[in-house]
Amino acid sequence: MKDESFFTLAVHAGEARSENHGAVSVPIYNSTVFAFTDADDGAAIHNELKHGYYYGRNGNPTAEALERTIAQLENGEAGLSFTSGMAAVSASVLANVKSGDHIVAPESMYSTTTNFLKHLAANFDVETTFVDAGHAESYGEAVRPNTKVFWIETPSNPLVKVTDIRSVVGIAKENGIVTIADNTFATPFNQRPIDLGVDIVIHSATKYLGGHSDVTAGLLVGRSEVLNNIRKVASKLYGGTIAPQAAWLVARGIKTLALRMQRHNENAYAMANMLSTHPKVAGVYYPGLVSHSNHNIAREQMTGGFGGMIGVDLETLKAGKTFVNGVEVCTLGTSLGGVESIVQHSATMTHSAIPADERIRAGISDGLVRFSVGIEDIQDLKADVLQALEKV
Ligand code: PLP
């Protein structure tokens, strides 16, 4: 179980009370323009020779408080906030590749990240080789002279696959390749990729960090120099800057992250165990189960727990759809990581844009249900799942 310090850090990280009249909750600075004291002051701030704010797209005190918070939680030097997880994904990739470069990424991961990388190949001559990320050596086998980025997503969406972060980082460092790890499923409560050598961590803060299914946001963490480079391109040129209200909601969500993750971990562990012995369930994917293909790696790198996400294989399209239609306490929806339990049917929802043969090859069967186990009473959740399975 996690040590006390993360619980304290989650509550207090990023605070800047003295700069905000002692405000315990960071104020929401709506202003899009910040006045300079004189022309020299304006020139210094505008040209980034002095820290300060001048225009909403390029920096805001509320967003900056959130950036300090996530940097501290991930044990990184600096953070950067975005309007969505995909804005953070695209900014981190585009800041590290140019036309003619090559990326290595998991064949099974969040489908929009897959589609973004395919979009780069089709339109910008940046090719990606998709590999079995459950075997770290497959990253090494895919390296080319022009490989610039190793993309890692662990545990992955929706199959909760686990990648050996330390081994992939080792291969990257030998080849001068930047590693970017999507830590959305784990959160820094359970796993800190920067401690394992990763260069950049990305989050869909829409999920566990926000935690209440009420804000869309993305975050990056890494060395100051690396993030400064991304900021110059991403915020100024691409413009995916987070809104101050959204930044505040994520920062508020993070205050209870440790408590929520503790409960998500406990509930999902209990649920995965129950599902794994149910006769109507063909397979359960959960890193905490000894049956998980990379359980030992998960034990090593997921120091806080195994997370709240489970993949449940009900084999057929009909069974998958019947189950998601049958739940009553759980919600049928396509997000995850909120306080409420959410189920979705991958083949007809999140992964419907991926060609069926490719989807099946990536292990996402017709009957796969992605289960985001919430923080409700576990007995209520178990009863709900059992009654829905009865209908299958
Ligand atoms: N990364 C992962 C693992 C996700 O699950 C998602 C969204 O589901 C994203 C990135 C994209 O985040 P957003 O929806 O906030 O753009």
Side-chain angles (χ1 to χ4, degrees), residues 63 66 70 74 79-94 103 105-119 130 133 149 151-163 165 180-188 190-191 193 198 200-221 234 238-243 246-247 249-250 253-254 261 264 268 285 287 302 307-311 331-338 340 342-346 349-354 362 364 368-373:
L66 170 63
I70 191 63
E74 285 286 6
L80 195 55
S81 49
F82 295 84
T83 190
S84 70
M86 280 315 298
V89 168
S90 54
S92 65
V93 172
L94 291 172
I103 297 168
E107 64 191 359
S108 177
M109 62 169 171
Y110 177 54
S111 58
T112 309
T113 305
T114 305
N115 290 337
F116 169 67
L117 295 176
K118 287 182 179 174
H119 170 80
F130 294 98
V149 169
W151 189 268
I152 300 166
E153 185 183 294
T154 182
S156 70
N157 186 352
L159 286 174
V160 209
K161 288 194 172 196
V162 168
T163 300
I165 299 175
I180 309 177
D182 189 327
N183 204 31
T184 299
F185 269 33
T187 82
N190 285 334
Q191 171 178 282
V198 156
I200 301 168
V201 165
I202 121 91
H203 278 283
S204 167
T206 317
K207 310 299 187 306
Y208 290 104
L209 300 183
H212 296 76
S213 305
D214 57 7
V215 59
T216 303
L219 291 166
L220 294 180
V221 181
Y238 304 149
T241 314
I242 198 167
L249 272 172
V250 176
I254 285 176
M261 289 315 298
H264 283 296
Y285 305 103
M302 299 186 77
M309 298 301 302
I310 307 176
T331 302
L332 170 57
T334 57
S335 193
L336 59 101
E340 60 284 302
I342 299 182
V343 293
Q344 71 106 18
H345 180 234
S346 301
M349 296 170 193
T350 47
H351 288 69
S352 56
I354 310 261
I364 301 161
L368 186 80
V369 170
R370 188 185 68 191
F371 191 172
S372 172
V373 184

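In what follows, every heavy atom counts, from backbone to side chain, and hydrogens, waters and symmetry copies are set aside. Atoms within each ligand, like the ligands themselves, are counted from 1 in listed order. Sequential numbering from 1 along the given sequence is applied to the chain's residues.
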Under a 4.0 Å heavy-atom cut-off, which residues neighbour ligand 1?
S84, G85, M86, Y110, E153, N157, D182, T184, S204, T206, K207, A217
Taking only residues two or more places apart in sequence or in another chain, which ones pass side-chain contact (heavy atoms from CB on, under 4.5 Å) with [X]?
X    : result
T83  : A87
T163 : A133, Y139, I152, T154, V168
S346 : P158, Q344, T350, H351, I364, L368, R370

I'd like to check [X] versus [Y] (side-chain heavy atoms, cut-off strictly below 4.5 Å). Are they in contact?
X    : Y    : value
V201 : L220 : no
Q191 : N183 : yes
W151 : S92  : yes

